Student: 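Before I ask anything, let me first share the structure, which is written out below as structure tokens.
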2 protein chains.
Amino acid sequence: MYAHTTSKIALPSHLQPSSLSAALDSVPLQPVSFFSAGTEIYAQGEKAGAFYQIEFGAVRIYRLLADGRRQISAFHLAGETFGFEADTTHHFFAEAINATGVRVFRLTAGADMSRQLLPLALKGLTRAQEHLLVLGRQNAIERVAAFLVDMVERQGGLRQVELPMSRMDIGDYLGLTIETVSRVFTRLKDNGVIRLLNLRSIEILKQDVLQDMGE
Amino acid sequence: MYAHTTSKIALPSHLQPSSLSAALDSVPLQPVSFFSAGTEIYAQGEKAGAFYQIEFGAVRIYRLLADGRRQISAFHLAGETFGFEADTTHHFFAEAINATGVRVFRLTAGADMSRQLLPLALKGLTRAQEHLLVLGRQNAIERVAAFLVDMVERQGGLRQVELPMSRMDIGDYLGLTIETVSRVFTRLKDNGVIRLLNLRSIEILKQDVLQDMGE
DNA sequence: CGCCTCGTTGACTGAATTCAAACCCTGTGG
DNA sequence: CCACAGGGTTTGAATTCAGTCAACGAGGCG
């Protein structure tokens, strides 16, 4: 696994440490580890004991069934934090989607981080529960719309959105096949809701329509 | 809303405060509030600021879409804790499924409960993320099997399982219709995997088969 | 006893998957 | 500079699993 270390990097304004991450301001700054595209950050069953803040890049958190079916439970973008566990072992896999830099905060035996971690855990819990509604009760168009709206919001509400992940990743996040994801993108394009600039970046033409679709 | 107060009640052994709840041992014991079947404990949008431990009964946590579609994100049984929020407002609804007694722990401005709440939040996060796999990637039989296995485990691994909730609730938890839930129960019955003692209690005849189905 | 809700069963429909083929970026090497 | 891979993506046709609509059955409560 490719991973080495460097110093702090400047981030665009909307990627600056958020109110959530601000909770970690009191913690001594850690060096940055690099992960190239597709490399594992941790695996299910591995011993846990750290959490991770993304400096740049994107990460997918997922689980597998025995026959290879995969469910991505979350994407994490620059500025976000992930990796804390209820147990002493990881219950999920974490992989870099693209070249990614993460700050690793090791949990030392003595120090109590619960005050910093609780708001992050609660935010994650709310997000997961909201995603349950999407997977349990929304159809393909609504799922993709909800995903795009979420990506827009997390990238500062700009018209143009970068999708760091493949169609396969999007499908495995939304509980759909790549074909269905592709067909929905085409449908949104034909209806003038979005415009595909290239495979990984789209322009939102009708934000309101998208918003309504994703509820 | 029907809710009044009484003193502590004895619980069967497998419903005794678990290791999780044990974290609350240091907190002064609160009186018990009663909620009759179908009554609201809190609503989405309401001001949060407490958490709840179930003495007896069962609770559903859910969200609604504008057109009435409902997704139950979690069931909580006796001994379990719920209701903490990332925000100062509730993002979900909580309702008593049956006659239910809950101990309400109000979060006071000064006291810091993060040490007690973090493990509960992390456990909830793991459960929610595992449920995402069920909703995103498993078919109807697998979903019901996973649900039954979960209920068995939470009721101490006994052969006989009580289902405090209706088929509608199960459907809204598993992202299925009541008809599909009913058909799957019938299929499991016909295959000799379970036996329906009555509508709300089933006997597990082939635990291993069920386990494999739910992955 | 009879109502009324909840659950089951059946026939049909439809949205998403599966299987298969074509297309198109993006990087590589001639 | 252009041809050529090769992966990822799109499109099409056929299939299937769960949903919908509708009728029937069973259990619980007044």
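Naming convention: chains lettered A, B, ... in sequence-line order (proteins, then strands); numbering from 1 in each chain. Just so we're clear, the structure is a prediction, and the values are computed from it rather than from any experiment.
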Student: Going by the side-chain contact (heavy atoms from CB on, under 4.5 Å) test, name the single residue among Glu46(B), Lys47(B), Gln44(B) that passes it with His90(B).
Tutor: Glu46(B)
Student: Would you check if the side chain of Gln71(B) reaches a backbone N or O of Asp172(B) as a donor-acceptor pair within less than 3.5 Å?
Tutor: yes
Student: From CG of Asp169(B) over to P of dT5(C), roughly how many Å is that when rounded to an integer?
Tutor: 17 Å
Student: Has the side chain of Lys189(B) got a donor or acceptor atom that lies under 3.5 Å from a matching backbone atom of Val184(B)?
Tutor: no
Student: At under 4.0 Å between heavy atoms, how does the protein contact nucleotides 6-21 of chain C? Give one character per nucleotide, 5' to 3', with B, S or -.
Tutor: -SBBBB----SBBB--
Student: Per the end-axis method with five pairs at each terminus, what is the bend angle of the helix from dC1(C)-dG30(D) to dG30(C)-dC1(D), to 10°?
Tutor: 30°
Student: Under a 4.5 Å cut-off applied to non-hydrogen side-chain atoms, are Leu188(B) and Leu148(B) in contact?
Tutor: yes
Student: Any side-chain to backbone donor/acceptor pair from Arg143(B) onto Leu174(B)? Under 3.5 Å, distance only.
Tutor: yes
Student: So, the side chain of His76(A) versus the backbone of Ile61(A): is there a donor-acceptor pair under 3.5 Å, distance only?
Tutor: no
Student: Between the main-chain N or O of His91(B) and the side-chain N or O of Arg63(B), is there a donor-acceptor pair closer than 3.5 Å?
Tutor: yes
Student: Could you list the protein-to-nucleotides 4-6 of chain D atom pairs, N/O on both sides, closer than 3.5 Å?
Tutor:
none

Student: Do Arg60(A) and Phe75(A) meet the cation-pi criteria used here (NZ or CZ under 6.0 Å from the six-membered ring centre, within 45° of the axis)?
Tutor: no
Student: Rounding to an integer number of Å, can you tell me how far Leu188(A) CG sits from dT10(D) C1'?
Tutor: 15 Å
Student: Figure out the CG/C1' separation between Leu197(B) and dG27(D), and round it to whole Å.
Tutor: 15 Å
Student: Any side-chain heavy atom of Ile194(B) within less than 4.5 Å of one from Leu205(B)?
Tutor: no
Student: Does Ala58(A) offer a backbone N or O that forms a donor-acceptor pair with the side chain of Thr100(A) under 3.5 Å?
Tutor: yes
